[in-house]
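Shown next, in structure tokens, is the structure this report addresses.
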There are 2 protein chains.
Amino acid sequence: MKEKEKLYFDERAKMIKAMAHPTRLYILTKLKEAEHCVCELTEMLGFDASTISKHLSVLKNAGLVSDDKRGLNVYYRLENPCILDILECVDSAIRKKLKSQMNMLK
Amino acid sequence: MKEKEKLYFDERAKMIKAMAHPTRLYILTKLKEAEHCVCELTEMLGFDASTISKHLSVLKNAGLVSDDKRGLNVYYRLENPCILDILECVDSAIRKKLKSQMNMLK
DNA sequence: CATGTATATGTTTAAATTACCAAATAGGAA
DNA sequence: TTCCTATTTGGTAATTTAAACATATACATG
């Protein structure tokens, strides 16, 4: 693999990696519907606020969300909604995998 | 987040995580064009064959590829090609991010 | 100004990841 | 059968990750 190509795949993988955590993926799907402040997301998820804040900073560094302070709260919104289109394929792949696992048992 | 919902996001994240490594992502794009044996992928990537083999087993466990032994070689192929559709969005998100970083410097 | 609340950051710890090497395995070829 | 080759598996060390807690910061409000 050429060096330039490698760097390109590094960048791509970095962005996908930012999505590759259940909490962050959940956050992204929530932000698809509407913007939310850290406290709302913390409430929904039930982790420590510092944990959620760090997950949000990962997403922000990746360029997947942006934020906006209003009053005491910081509101986050989804920057690239198309990123969630993958879920349709992921869900069908999960169903396919489960089916094949069921067939293994026969 | 409800327990059932959590399990669902765990599964989704697990599959996305399998893609979230430069080497594995590169392998997936190569397999989109054609099936390849481990030795060919090892050659392309320049890592130890055992490293490539382990990456392939991660992809296989995730249900993203399947394999098939013929002669001495094991051939891998892409099981859910739609998974790579995300790259279009990822690439545009990377361009968008780079642009905004350039604007920061002005 | 002083206080309180939301968020971010630093630290620590446990667990997971990735690469290599060495060794095991499978099965085709001599 | 014996040897070779492709692949997988096990072990190890270095690095990264995610969670909690404690602390710092920012700033709205009394």
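Labels below follow one simple rule: chain letters A, B, ... track the order of the sequence lines, proteins then strands, and each chain is numbered from 1.
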Is the backbone N or O of [Y] less than 3.5 Å from a side-chain atom of [X], with the two atoms forming a donor-acceptor pair by type?
X	Y	result
A:K14	B:H21	no
B:R24	B:A18	yes
A:T51	A:F47	no

Next item on the list: Could you tell me whether B:K17 contacts a base, only the sugar-phosphate backbone, or nothing, with contacts defined as non-hydrogen atoms closer than 4.0 Å?
Entry: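 Result for B:K17 = sugar-phosphate.
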Note to self: By the 4.0 Å heavy-atom rule, please label B:S57 as base, sugar-phosphate, or nothing.
What the structure shows: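 Nothing, no nucleic acid heavy atom in range.
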Next item on the list: State, with a plain yes or no, whether a side-chain heavy atom of A:S66 is found less than 4.5 Å away from one of A:K60.
Entry: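 Sidechains of A:K60 and A:S66: no contact.
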Does [X] pair with [Y] as a salt bridge, N-O distance under 4.0 Å?
X	Y	result
B:K97	A:E79	no
B:D68	B:R70	yes
B:D10	B:K6	yes

When the distance from [atom1] of [X] to [atom2] of [N] is rounded to whole Å, what number comes out?
X	N	atom1	atom2	value
B:K54	D:dT12	NZ	C1'	10 Å
A:I52	D:dA19	CD1	P	8 Å
B:K6	D:dA19	NZ	C1'	13 Å
B:D48	D:dT7	CG	P	13 Å
B:F47	D:dA6	CZ	C1'	20 Å
A:H55	D:dT17	NE2	C1'	10 Å

When rounded to the nearest 0.5 angstrom, what distance separates [atom1] in [X] from [atom2] in [Y]?
X	Y	atom1	atom2	value
A:L87	B:R12	CG	CZ	4.5 Å
A:I86	B:M19	CD1	CE	4.5 Å
B:L31	B:Y75	CG	OH	12.5 Å

Next item on the list: Begin from the C-alpha positions of A:L78 and A:L84 and carry the test side-chain contact (heavy atoms from CB on, under 4.5 Å) through to its verdict.
Entry: CA-CA 10 Å; A:L78 191 55; A:L84 287 174; 3.9 Å; yes
Next item on the list: Walk along DNA chain C from 5' to 3' and tell me the first and last nucleotide with an atom closer than 4.0 Å to a non-hydrogen atom of chain A.
Entry: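 First-to-last contact on DNA chain C, by the 4.0 Å heavy-atom rule, is C:dT5 to C:dT11.
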Margin query: So if I take residues 28-41 of chain A and measure heavy-atom distances to DNA chain C, which residues fall below 4.0 Å?
Written below: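 Contacting residues: A:C37, A:V38, A:C39.
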Check: Hey, does the side chain of B:Y76 come within less than 4.0 Å of D:dT8's phosphate (OP1/OP2), counting only N and O?
Finding: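 The answer is yes; a side-chain N or O of B:Y76 sits under 4.0 Å from OP1 or OP2.
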Note to self: I need the residues from residues 66-74 of chain B with at least one non-hydrogen atom less than 4.0 Å from DNA chain D; give them sorted by number, or say none.
What the structure shows: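 Listed by number, they are B:L72, B:N73, B:V74.
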Item checked: 5' precedence on DNA chain D between B:S50 and A:V58 (nearest-nucleotide basis) ->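 The 5'-side residue here is B:S50.
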